[in-house]
Amino acid sequence: MRNLVYLIALAPISLLGACSNNEPQYVQCAPMGAVATDVCTVIPMDDGDGNLIGRGQLHVPVMPEADWDADDRAARTELQTEIDRTNAGVEVPVVRLGHYDLSVEWIVRNPNATEGTFRVDLNGANEMFAYDNSMIMRADDEDPPPPPLAGDIPIRIPPMGTVSGVFREDQLLEAAIDLDSITRANVNPFAAMLTINKSDSEIAERTPTVYDPATGDATGGDPTGLVIPKKAWRQIVRVDINFRPDMNMTLDFSVRLRVHTPIIHDEGLNAPAAELEVYDPPLFDPGVLP
Amino acid sequence: MRRVLLLLALLTSTAEARPASTGFFAEAGFGATKFLPPDGANAKMGPTLQVRIGRDLFSWASVGVYIGASSHEATVPPPPEDEWFQLYRAGGDARLGGLIGSIAIFAEGGVGVTMMSSNVLEKVMTVEPGERFSIGFHGGAGFEYQLLNRHYAIGAAVDVVLAPQFENIKAIDSRLYLRYTYGGG
């Protein structure tokens with residue numbers, strides 16, 4: 001009997017245990033917020049070559065580093081000191097992989113009376129570079145286009161139907177690593193996408209690959225000796241979506257965050273502009289890809 | 001109605017209340033919570049757990065504190081889809097009632113704090129950006145069956161829950177529970 005009393009008395013503790021401190025935060029576009037240019041409902045337009053493409057983007061509501069907890073701010077300095085001892089020249093980013101996990105949920109609606117096909121390409125930006133596979137020049141138009149960070153899978157959609165999907169956290173993790181590999185370590189986009197790096201402990205920096213259109217030869221791409229340890233990999237701070245249907249359709253998407261370090265604003269993109277760090281880095285340009 | 005009143009009068013006049021302890025007590029219950037319209041369309045009914053600890057002031061009145069949690073699947077316009085959230089509640093309440101034979105009926109009401117675990121209902125504007133907490137009110141009624149052992153009773157209760165800061169979201173919270181009363185008497 002006494003055991004039962006203890007059991008009932010301890011039950012509140014189990015309820016407290018059920019309260020997770022890692023609850024998801026859903027990020028949606030905030031048309032009246034600090035990043036009014038974000039687009040979460042993507043309506044494709046003709047790109048001039050007869051193809052439909054729509055572009056959406058959504059920022060991660062990261063707070064300015066000055067507003068972070070002192071311990072979290074100090075962690076970057078400590079990490080930089082640690083890395084400088086062995087890998088001098090590697091810059092520790094402000095927003096790192098360990099700060100949060102993110103996933104992207106999307107839904108496509110087909111208002112047509114005929115079956116259609118579409119592709120959803122995931123691209124994105126870290127704090128230094130944005131990557132858009134559709135903007136990279138190829139040596140030959142016959143060459144396959146560079147891959148997006150994830151997606152690019154043809155999906156059928158029934159007449160008047162809807163199809164939903166998700167880019168999972170592990171896909172976004174891999175995408176963030178690939179993005180950093182391509183833009184910081186000069187890894188070829190094809191090589192980056194075709195290898196799984198999430199279990200790696202470091203990325204080896206390479207020299208930029210230069211393509212000579214006259215000879216068709218590529219030079220460079222050799223290891224520089226500098227390695228970027230996993231602790232210093234950059235996280236995605238902006239999700240970019242390229243939506244490519246074969247007829248008029250719409251795509252809606254949102255981002256789901258699981259925050260491990262309190263650097264995300266509770267109010268999401270509805271937070272006051274001064275309380276958000278909006279990263280819009282330049283588009284990465286690797287030159288002409290061989 | 002007249003027959004019911006007559007039956008109650010007969011019960012109270014003839015049935016001798018079964019011995020029941022009064023004093024400190026603890027309750028643990030489980031059940032289901034269902035949001036009422038208009039928010040009922042944005043979240044499914046979900047399982048709930050609640051624990052209550054209190055003190056009988058008299059045989060007909062008690063006060064207590066409670067903590068509870070319910071889990072719901074959000075059914076907001078996608079995306080997101082197939083996502084769950086939890087509603088945590090804690091506070092204090094009071095209960096008035098009486099034992100008729102082996103059955104006790106009661107009415108209860110209380111106030112506390114309600115917390116929503118995520119902002120998934122922000123999309124339908126049930127919660128404002130950054131809002132996670134609300135005052136919570138609840139009120140309802142139930143009955144208990146006093147077991148032969150005077151320390152134990154089993155019961156069922158139904159409450160209406162109101163959280164004003166969450167756009168006045170309302171829910172029906174029902175539960176079955178086991179009660180243990182420590183005291184004598």
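Just so we're on the same page: letters track the sequence lines, and every chain starts at 1. Computed over heavy atoms, backbone and side chain alike; hydrogens, waters and symmetry mates excluded.
Here the CD-CG distance, from B/Glu128 to A/Asn270, works out to 9.0 Å after rounding to the nearest 0.5 Å. For the atom pair CG (B/Asn119) and CZ (A/Arg256), the distance works out to 10.5 Å, reported to the nearest 0.5 Å.
Within 6.0 Å of CZ on A/Arg73 lie more than 12 heavy atoms contributed by other residues, nucleotides or ligands. Residue-environment remark: CE (B/Met45) stays at or below the threshold of 12 foreign heavy atoms within 6.0 Å. More than 12 heavy atoms of other residues, nucleotides or ligands shown are found within 6.0 angstrom of CD1 on A/Ile155. B/Phe143 CZ: 12 or fewer foreign heavy atoms inside a 6.0 Å radius.
Judged purely by distance below 3.5 Å, without hydrogens or angles, the side chains of A/Glu23 and B/Ser118 never pair a donor atom with an acceptor atom.
Looking only at side-chain heavy atoms (C-beta outward), A/Ser254 and B/Pro80 come within less than 4.5 Å of each other.
Residue A/Asp252 touches chain B through both its backbone and its side chain, counting heavy-atom pairs closer than 4.5 Å. The contact between A/Gln25 and chain B is made by backbone and side chain atoms together, counting heavy-atom distances below 4.5 Å.
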Could you please spell out the steps behind the side-chain contact (heavy atoms from CB on, under 4.5 Å) verdict for B/Glu83 and A/Glu105?
CA-CA 11 Å; B/Glu83 295 288 342; A/Glu105 293 188 53; 3.0 Å; yes

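Considering only heavy-atom pairs separated by less than 4.5 Å from chain A, the leading option among B/Ala90, B/Pro79, B/Gly130 is B/Pro79.
Taking both residues in full, the closest heavy atoms of A/Tyr26 and B/Val120 are given as CE1-CB, 3.5 Å, listed atom of the first, atom of the second, then distance.
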